[in-house]
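See structure below.
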Amino acid sequence: MLDPQLLRNDLERVTSALARRGYHLDMESYAALEARRKSIQVRTEELQNLRNVRSKSIGQAKARGEDIEPLLAEVAQIGEDLKQARQELDGIRAELEHMRLDMPNLPAEDLPDGADEDDNREVRRWGEPGQFDFEPRDHVELGSLLGGIDFDAAARLAGSRFAVLGGGVARLHRALAQFMLDLHTREHGYREMYVPYLVLESAMRGTGQLPKFGEDAFAFDGDPERYLIPTAEVPLTNLVADQIVEADRLPLKLVAHTPCFRREAGAYGKDTRGMIRQHQFDKVEMVQITTPADSQACHEALTGHAEAVLRALELPYRVMLLCTGDTGFSAARTYDLEVWLPGQQAYREISSCSTFTDFQARRMQARWRNPDTGKPELVHTINGSGLAVGRTLVAVLENGQQRDGSVRVPEVLRPWMGGLETLQPEST
RNA sequence: GGAGGGGUGGCAGAGUGGUUGAAUGCACCGGUCUUGAAAACCGGCAAGGGUUAGCGCCCUUCGUGGGUUCAAAUCCCACCCCCUCCGCCA
């Protein structure tokens, strides 16, 4: 959520900043609503003050044994006026709140302008796409040769956009998650966390998935309503919701391996082949909670931590700075890591690393105590995949494939694979 | 699921209808003292919001939401969460 003060004092700047990312803020109606809010709030508070003062004097008059009847009548009238004023104020507030919840974060200054992914800017790349002296297969074919990915079985169990993994492929999937978790905890200083996969509406609202993107999430009716997490970002980041974190604990660096669940409502016909886009996938997620002064450096560092996974796995990738139009709702700046997939002859997103400035923190009321001021101030939040396990599995299969359909296991994974060097096609 | 207890400021913990936004302690920040530090003593110290050029003034907040009342941390109702014991269970 954007700073209401900023919206009051610098509405034009906010409006033009939001326009950069294709969001139209109706300045006139916001300003008009804000003006009404101001006058009615002042009136409401005046009435409240009046009532408080009178009530107090009733107590005093009563103590002196005076007649309080006239006072009572007066206060009753004030109460009526107050009730009306407050009702009006609540309505306006709700409207303003509604408008603010709809507004995306302000894009960072240095983002390239643009409408969609075509305008993203490549920042750097690492590794060379491997050359094959045969036609490289995609992971669907490889998975079937290896006898390790079964989409038909998954469809019978759960419908479309699920996968069943088996044997060496299932183990490889587990090895990847274990490796990532160990890398981030041992080398990058993250604290491993285990978190709920079902969360309340308030948590989803805190990180920005709700109220705007409800159709993307799986929800459970019930009392209370709960949501399957679309990413561990939600439980991890909301760990500091309504908290005041002491300065010496920052930055908080958290990592968790969880399943993620997404409706993929707007993705009919997109990536229907294979396990690129599933309703359920595993992800290792990194989150940092920092001070405003450190957040940019932390964002760069976290992106580097995600890249370290790809390097260790010897997977060629590039880093894209997303343009204003492609940057997510809550983010101020996002780097996407795209891994080379020989089966598609394309770079595909495998990690998304974002800084949210105080946007999520304001929604969550997540603060830290600034030693310089002694006051609680909003933290900055950052997160990134390190990495999406399913897509990493796809990348390892496709990049490590050999002519006979066997797949080389990256060296760093072998400790979790019982030393296995290659996955072999099933002979059946 | 059954029985009981409890949710108050950064933390601990008083407070059962009217100068209580809230005693006290700890933590924190100033000062005195000291060669320095500690201790001791003195003072300050909740958050959110509104308004103001500023000093300030005002409003809201004692788990959440309703209600009673001129007036609620205090009374009533519903809900949520935590703790103890019993039952059940991975």
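Atoms considered below: every heavy atom in the structure, side chains included; atoms not considered: hydrogens, waters and symmetry mates. Below, chain A is the first sequence line, B the second, and so on; all start at residue 1.
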With both distances kept under 3.5 Å, what pairs with C85(B), Watson-Crick or G-U wobble? G2(B)
Indicate yes or no: does Arg333(A) engage Asp110(A) in a salt bridge with an N to O separation below 4.0 Å. yes
Classify the nucleic acid contact of Pro4(A) as base, sugar-phosphate or nothing, counting any heavy atom under 4.0 Å across all strands shown. nothing
Atom CG of Asp242(A) and atom C1' of G7(B): how far apart are they, to the nearest Å? 15 Å
Is the distance from the ring center of Phe329(A) to that of Phe213(A) below 6.0 Å? yes
Take atom C1' in A23(B) and the same atom in C59(B), then report the distance between them in whole Å. 25 Å
Are Phe356(A) and His380(A) close enough that their ring centres sit under 6.0 Å apart? no
Reckon Asn49(A) has a side-chain N or O less than 4.0 Å from the OP1 or OP2 of C59(B)? yes
Kindly say if Asn52(A) contacts the phosphate of U19(B), meaning a side-chain N or O under 4.0 Å from OP1 or OP2. no
Which whole number of Å gives the distance between the C1' atom of G17(B) and that of G13(B)? 23 Å
For U51(B), does OP1 or OP2 lie under 4.0 Å from any side-chain N or O of Lys38(A)? yes
Looking only at U51(B), G10(B), G49(B), the nucleotide nearest the Val42(A) side chain is U51(B)
If each of Glu46(A) and Gln5(A) is mapped to the nucleotide of RNA chain B with the nearest heavy atom, which maps nearer the 5' terminus, i.e. the 5' end? Gln5(A)
When the P atoms of G30(B) and U19(B) are compared, how many Å lie between them, rounded to an integer? 35 Å
Applying a 4.0 Å non-hydrogen cut-off, can you work out what Ile244(A) is touching in the nucleic acid: base, sugar-phosphate, or nothing? sugar-phosphate
Spacing between Asn370(A) atom CG and C29(B) atom P, to the nearest angstrom: 13 Å
Contact class for Gln243(A) (heavy atom, under 4.0 Å): base, sugar-phosphate, or nothing? nothing
Separation of the C1' atoms in G7(B) and U61(B), to the nearest angstrom: 16 Å
Strictly distance-based, threshold 3.5 Å: is any side-chain N or O of Asp138(A) a donor or acceptor partner for the main-chain N or O of Glu141(A)? yes
Taking only the side-chain heavy atoms of Glu45(A) (C-beta and beyond), determine which of C58(B), A47(B), C70(B) contains the nearest atom. C58(B)
Once you apply a heavy-atom cut-off of 4.0 Å, does Arg43(A) come out as touching a base, just sugar-phosphate, or nothing? nothing
With rounding to the closest Å, how many angstrom separate the P atoms on C28(B) and A38(B)? 11 Å
If you measure from the P atom in G4(B) to the same atom in A78(B), how many Å do you get, rounded? 15 Å
Atom C1', compared across U60(B) and G9(B): separation rounded to whole Å: 15 Å
Tell me whether the rings of His188(A) and His184(A) are parallel (<30°), tilted (30 to 60°) or perpendicular (>60°). tilted
Should the pair Asp326(A)-Arg21(A) be classified as a salt bridge under the 4.0 Å nitrogen-to-oxygen rule? no
C1' gap between C26(B) and C83(B), integer Å: 23 Å
Side-chain N,O (Arg51(A)) to OP1/OP2 (C59(B)) below 4.0 Å: no
